[in-house]
2 protein chains.
Amino acid sequence: MTDTSGGRGGAGSEGRSATAGPPGPSARLAELDEEQQGVLRQVGREWGEVTAPPETWRRALPVDPDLGSFPPPAQLRPARFGRLVPLTPLGTGTPGQQLDEEEPEEAPAGRMGRAGAWTRRLLLGTPLKSSALVSERMRKLVALPVLSADALSSVAYGPEAMLAVLVLAGTAGLAYSFPISAAIVFLMLAVGLSYRQTIRAYPHGGGSYIVAGDNLGPVAGLVAAAGLMTDYVLTVAVSIASGVAAITSAIPSLAPDTVPIGVGVIVLLLAGNLRGIRQAGALFAAPTYLFIIAMFALITAGLADSAGRDFHPQPTPAVTVTEGATLFLVMRAFSSGATAMTGIEAISNAVPAFKPVEWRQARTTLTWMVGLLITMFAGIIVVIHLAGVVPSSKETILSQLAHLSFGSGWMYVFVQATTAAVLLLAANTAYNDFPRVLSLLARDDYAPRTFMRLGDRLAYSNGIIVLSLAAALVYLAFDGQTGALIPLYAVGVFLAFTLSQAGMVVHWWRLRDRHWRKSMCFNAVGGLLSAVVFLTAGISKFTEGAWVAIVAVGLFLLVTLRIRRHYATVREALRLRPHTVELPAPGGVCGPAEPLVERYGRAPEPEGDREGEELPEEIRHLSIVALASIDLASMRALAYAASLRQPVLALHISLTPEEAERVVAYWQLWGDHLPLEIVVSPYRATVAPLVHYIEALHRAHPDLTLTVILPEIVTRHRRHQLLHSRTATRLRRALRPLPKIVVTTVPFHVP
Amino acid sequence: MTDTSGGRGGAGSEGRSATAGPPGPSARLAELDEEQQGVLRQVGREWGEVTAPPETWRRALPVDPDLGSFPPPAQLRPARFGRLVPLTPLGTGTPGQQLDEEEPEEAPAGRMGRAGAWTRRLLLGTPLKSSALVSERMRKLVALPVLSADALSSVAYGPEAMLAVLVLAGTAGLAYSFPISAAIVFLMLAVGLSYRQTIRAYPHGGGSYIVAGDNLGPVAGLVAAAGLMTDYVLTVAVSIASGVAAITSAIPSLAPDTVPIGVGVIVLLLAGNLRGIRQAGALFAAPTYLFIIAMFALITAGLADSAGRDFHPQPTPAVTVTEGATLFLVMRAFSSGATAMTGIEAISNAVPAFKPVEWRQARTTLTWMVGLLITMFAGIIVVIHLAGVVPSSKETILSQLAHLSFGSGWMYVFVQATTAAVLLLAANTAYNDFPRVLSLLARDDYAPRTFMRLGDRLAYSNGIIVLSLAAALVYLAFDGQTGALIPLYAVGVFLAFTLSQAGMVVHWWRLRDRHWRKSMCFNAVGGLLSAVVFLTAGISKFTEGAWVAIVAVGLFLLVTLRIRRHYATVREALRLRPHTVELPAPGGVCGPAEPLVERYGRAPEPEGDREGEELPEEIRHLSIVALASIDLASMRALAYAASLRQPVLALHISLTPEEAERVVAYWQLWGDHLPLEIVVSPYRATVAPLVHYIEALHRAHPDLTLTVILPEIVTRHRRHQLLHSRTATRLRRALRPLPKIVVTTVPFHVP
């Protein structure tokens with residue numbers, strides 16, 4: 001059963017909400033357009049001439065009333081075929097059979113299967129119905145911590161990243177920290193205002209992919225998606241690296257284990273998200289609010305300390321000057337510090353998750369968040385300046401500040417613990433967003449369809465796994481060092497910001513509603529500033545790692561566009577087409593054992609390779625039974641072939657002429673009921689001559705649909721399968737590329 | 001096409017020659033016994049009532065005269081399906097099609113396939129016909145080096161292994177070297193005489209597996225085979241370890257690379273043997289004779305040196321005494337030194353490879369070989385004693401002797417080079433013998449049948465690969481140290497010797513021909529002594545590694561016996577059986593679109609799970625087309641199903657009720673020509689509900705053979721296949737264990 005649907009079904013993919021309304025399971029079956037429906041009707045009329053009317057079989061359905069939905073409502077427990085298949089006791093007239101269902105003879109992989117189902121259930125919980133996919137609506141006080149963990153937690157690494165660059169130029173460099181911070185604060189304001197416009201325009205959720213795609217065209221949308229997705233991968237890596245640094249600052253003995261701890265956290269996030277821990281309000285609210293409290297405590301204590309010194313900054317320790325305070329250095333420091341803004345877009349993606357009136361509540365929450373972000377960012381910069389601390393590879397700056405203000409007591413532990421917790425939550429937000437964007441891409445044919453699939457727990461399992469792998473890879477490649485990851489980070493996120501804001505500018509220009517000029521203006525400023533940061537980061541940090549992000553975006557574009565092209569080709573190939581039928585002479589298909597010579601006498605049709613047959617009358621059969629020996633499995637395959645009442649040909653590959661003679665002798669003993677062809681293969685190959693023969697047959701008679709019937713020994717234990725030849729599998733693989741060849745395996749079960 | 005033949009075909013597996021006559025390709029098709037033939041005739045008569053007489057199709061065959069043998073004689077070149085399939089230009093009336101054969105559209109995996117075939121051809125050479133399998137007959141002077149490389153090369157490590165144990169007890173221990181060597185020489189004589197009897201009794205080749213199996217029963221044969229096969233693996237590992245030691249003794253700078261060099265040699269042997277370098281006389285003759293010359297030169301020079309000192313032995317260097325000269329130590333030294341005898345059985349295995357009169361020539365050659373072996377072994381022991389050298393971990397004893405006698409000049413290099421070369425050849429003899437024994441086991445159903453398969457170059461490729469893997473594993477596990485491997489070595493080979501000689505005793509006792517008493521006596525002595533060595537080695541070296549060999553023999557027995565049991569079960573299950581037929585009412589099978597209700601109305605037959613149908617009339621069909629969407633691939637699958645003129649049911653798994661409604665609407669638009677069932681799967685599973693439905697259908701109607709028809713998208717490039725669902729593959733796997741379910745895939749090729 002192929003899943004070849006166009007994936008564009010469901011109403012309104014345009015206005016579809018990005019967060020609340022995933023491109024759900026209903027998008028599986030392609031809708032047919034007018035022309036397709038016409039073709040379907042026409043083909044149906046042609047079928048009508050040759051098939052029995054529905055009245056003849058109508059009363060036989062349903063075969064079993066319990067089978068209409070899966071799993072049957074009565075019972076829901078794991079059973080032999082993997083995780084979800086209950087064995088229904090079939091009540092229809094055969095009560096005795098109910099006892100069979102636990103019989104070990106019929107449950108071959110039973111123990112393993114049950115253990116697997118049990119483990120799965122334990123780790124992931126019971127499956128959830130698709131209808132359980134309802135959005136939780138959030139009040140502002142809940143939405144704030146849920147949606148701002150990513151943005152607010154950025155202050156844990158943003159200021160430090162900026163100072164780590166400036167300190168290379170010593171005191172002269174550190175003098176630039178105030179002007180750069182001021183620029184970043186201005187940027188935060190501008191981008192925040194910008195997103196306020198987006199919220200108004202896209203009340204159903206305006207992720208960068210949607211906004212840029214809608215207004216600037218699909219390629220811009222893809223570029224934005226590429227930026228977003230590299231950003232999400234880096235959010236996980238950077239947040240975890242920074243969170244682990246918060247822990248190792250407090251407990252230095254853990255420092256050598258930075259990498260295993262981080263990987264362990266990624267595994268936990270993977271497992272948790274496969275289980276479907278999304279937006280669990282209380283879980284998020286506490287650490288984020290506690291983090292805010294901790295930051296304000298830290299800033300207050302820092303200010304109080306220096307108030308005692310009349311706000312005279314402490315002298316910074318002597319640092320080795322390795323670079324001059326050049327413009328280039330300032331640019332790098334600016335783009336590093338701008339990582340404190342990552343996550344600012346989260347609220348605009350999630351407007352439908354608010355309680356009504358959604359966009360109003362979202363705007364207010366965004367304002368609060370930007371206010372908190374600016375206050376915390378600026379406060380920390382000031383306190384750092386006053387305390388005279390500089391970045392160190394052993395201890396984070398926040399930890400140094402906390403040590404200065406609180407010593408090593410419980411307040412210090414509180415600061416470090418809430419920082420680590422909020423960074424973990426920030427990483428988790430990427431686990432919500434990355435798979436969602438990937439599923440949007442899959443819906444639009446830019447990614448493999450498997451990313452559209454919702455798992456048992458209504459999470460996009462495949463996207464979650466891909467994100468975990470990518471983040472773990474990046475984390476490992478950079479040894480879990482925040483500083484090394486920062487240069488990659490700013491590029492993708494500001495690329496997405498830029499395209500999103502540029503899309504908004506176009507949006508307002510097209511719409512021209514009441515406040516369009518003001519909105520366009522805000523968006524234009526936000527977009528321009530984002531573009532400046534993007535270019536600054538891309539240029540100044542190119543050799544330090546930004547090239548990785550840029551290459552990733554390029555590759556992403558290349559791959560997604562090719563995937564889309566492939567899907568388009570396939571969709572075109574699969575479209576129902578108007579179809580002219582040439583029926584063969586009536587009665588030509590189903591007469592029992594029609595002489596082969598009539599088939600072979602027909603001139604080959606030139607278009608025989610088309611695989612375009614849509615009517616039963618058009619298909620002319622020849623079944624080929626591949627035999628290795630004369631035994632029960634072969635006889636059953638022959639009987640199966642003959643019972644189809646189509647011409648049958650038996651084929652045997654003999655390794656020696658003697659074997660060939662023996663086969664012929666047995667065949668005659670049996671009565672020579674079916675034509676037998678023998679190919680002598682002195683080079684001992686078996687699959688190759690079979691394929692060769694079948695291919696030659698196809699070329700000589702391209703009008704025939706060849707059904708290759710293979711008897712196959714199936715053993716009860718999988719290890720025993722090794723003792724039998726894999727000819728059937730190998731042959732199936734070799735015949736796959738050939739047109740008009742259908743492969744049928746007739747199983748023979750042995751104990 | 002299953003390869004389920006009994007494997008017991010071909011005449012005279014009893015008297016079959018082990019070396020010259022492999023259980024060749026003709027053993028593939030099982031012969032049918034009287035009863036089976038009777039059943040076949042009876043089944044044929046029943047078929048006769050329902051099928052058309054052969055006259056109706058006879059003149060249509062052969063379909064193509066060129067296809068009778070593979071590859072067609074006219075051409076033999078690699079082509080698209082792997083390595084051996086030429087695309088015959090089909091001359092039968094369609095000359096225009098000849099041009100198609102190179103068309104890229106039709107050769108999807110073409111470039112890769114061609115490159116693979118080319119590489120294969122380059123490495124392995126062109127394929128050989130089965131009929132090329134003729135034995136090369138050898139004169140004695142050729143046979144001696146070919147068959148004795150293994151035995152004679154043992155003197156390179158045997159004496160050293162013995163002394164390495166004795167030296168642990170210092171001078172007191174080394175004093176035992178003469179008595180122990182005398183015992184080993186006696187053992188060589190006795191075993192040599194013993195094998196002279198075997199040669200006379202088994203002129204067609206008497207490997208331990210055959211001799212022990214024939215005379216002591218199959219289990220004894222298996223134990224002997226287990227001993228032999230562990231021995232062959234160790235021959236490769238020990239010979240290579242010792243050969244590499246000869247090289248690193250000469251070039252000490254290579255010593256750290258012992259492991260990679262050894263693995264490289266194994267890879268070379270693997271490639272060479274897959275190519276089929278067997279018994280190439282000249283290749284073997286030169287190094288072996290040169291080695292003999294080198295050893296005699298070494299012994300002569302050593303004796304000449306000490307003749308100058310009136311044969312006073314040089315004092316041995318001071319060694320650390322770690323053990324007392326106990327009986328246990330002596331036993332260990334004896335069993336280590338006895339490894340010098342390994343390979344002594346080679347000539348008796350290969351009697352048919354001699355020129356006539358085979359057994360006489362073989363006996364003479366054996367006598368020469370044992371004479372040479374004893375002379376070289378004793379000579380080296382004497383020279384070692386006179387020169388006063390002791391084993392060292394840095395340099396082999398032979399290298400030390402050569403240094404003493406020849407300095408570091410070309411004679412030294414000659415000794416080391418010939419030693420290394422002959423050890424390499426010794427390893428290579430295991431590559432002839434291991435796969436051959438494995439193929440004998442496979443012939444007798446003790447090993448997977450795939451080991452009976454002769455590769456393109458008439459080598460048992462799979463056995464060669466298994467030997468290489470096992471030897472590489474052992475070599476790596478023991479770091480390529482000869483000394484560490486020796487304790488494992490003696491056990492297997494003397495177990496095989498013992499059982500072989502015991503078998504000969506029984507043979508003579510049964511036969512009682514002219515010289516039976518003398519022969520039995522010789523064999524009894526040989527067997528007893530071998531048993532003593534086996535027990536000595538097994539007990540004294542148990543903890544040092546002999547346990548590994550013993551466990552390997554035990555596991556081998558367990559696995560082979562279970563494999564044989566499985567094959568016996570399968571053979572029984574596959575036997576044609578007398579069969580009572582209950583034909584359904586005539587015309588009940590093939591009427592077009594017979595109403596489903598008639599099928600479903602039938603009471604389930606209790607024996608419906610038997611899969612025992614052998615007559616077309618007995619098979620009642622229901623085809624189930626699994627649909628994911630309404631497109632060309634689905635329509636083609638539906639048309640295929642309907643064209644079989646059997647009842648058809650379409651099945652769709654809908655993830656939502658809306659999707660279900662849409663499918664029904666399209667179905668009605670099409671005209672409702674076939675029954676459609678829809679299963680709603682709110683938990684989003686697709687394979688599970690399909691399997692569940694089909695299983696339920698089978699339980700409700702066990703009399704029906706269900707053909708599950710799956711449309712499958714086939715892409716031209718394999719990477720594109722990732723973009724499509726794997727439902728067909730997953731469903732095929734899930735349906736495998738179910739009885740009476742036939743799976744058919746209808747391919748739809750997309751660009």
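Just so it is clear: chains get the letters A, B, ... in the order the sequence lines come, proteins before strands, and each one is counted from 1. The shown structure was predicted, so the numbers you read here are calculated from the model rather than taken from an experiment.
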Honestly, the part of A/His566 sitting under 4.5 Å from a heavy atom of chain B is side chain
Okay, B/Tyr640 and chain A: the region with an atom under 4.5 Å from a heavy atom over there is both
* Side chain to side chain, B/Tyr567 and A/His724, heavy atoms closer than 4.5 Å -> yes
Residues at least two apart in sequence or cross-chain that pass side-chain hydrogen bond (donor to acceptor under 3.5 Å, both in side chains) with A/Arg732, listed by chain then number, are none
d(B/Ser725 OG, A/Arg453 CZ) to nearest 0.5 Å is 10.0 Å
Closest non-hydrogen contact found for A/Arg636 with B/Lys740 is NH2-CA, 3.8 Å
Looking only at heavy atoms, the pair that brings B/Pro616 and A/Ser643 closest together is O-CB, 3.4 Å
Turns out that what part of A/Thr450 lies under 4.5 Å from chain B's heavy atoms comes down to neither
Heavy atoms of B/Leu738 and A/His749 approach each other most closely as O-CE1, 2.9 Å
Among A/Val742, A/Val714, A/Leu722, the residue with the most heavy-atom pairs under 4.5 Å to chain B is A/Val742
Scanning both residues in full, the closest heavy-atom pair of B/Val750 with A/Ala573 reads CG1-CB, 4.0 Å
All heavy atoms of B/Leu576 vs all of A/Leu632, minimum pair found to be CD2-N, 3.8 Å
Smallest heavy-atom separation, A/Leu574 atom then B/Asp631 atom, equals O-CB, 3.3 Å
Sorted by chain and number, sequence neighbours left out, salt bridge (charged side-chain N to carboxylate O under 4.0 Å, His left out) with B/Arg575 holds for B/Asp33, B/Glu35
Give the C-alpha distance, both sets of side-chain angles, the deciding distance and a yes or no for side-chain contact (heavy atoms from CB on, under 4.5 Å) between A/Ile563 and B/Leu723. CA-CA 8 Å; A/Ile563 288 175; B/Leu723 302 176; 4.0 Å; yes
Can A/Leu644 and B/His621 be said to form a side-chain contact (heavy atoms from CB on, under 4.5 Å), step by step?
CA-CA 8 Å; A/Leu644 295 175; B/His621 284 280; 3.6 Å; yes
CG (B/Leu669) and CD (A/Gln37) are apart, to the nearest 0.5 Å, by 5.5 Å
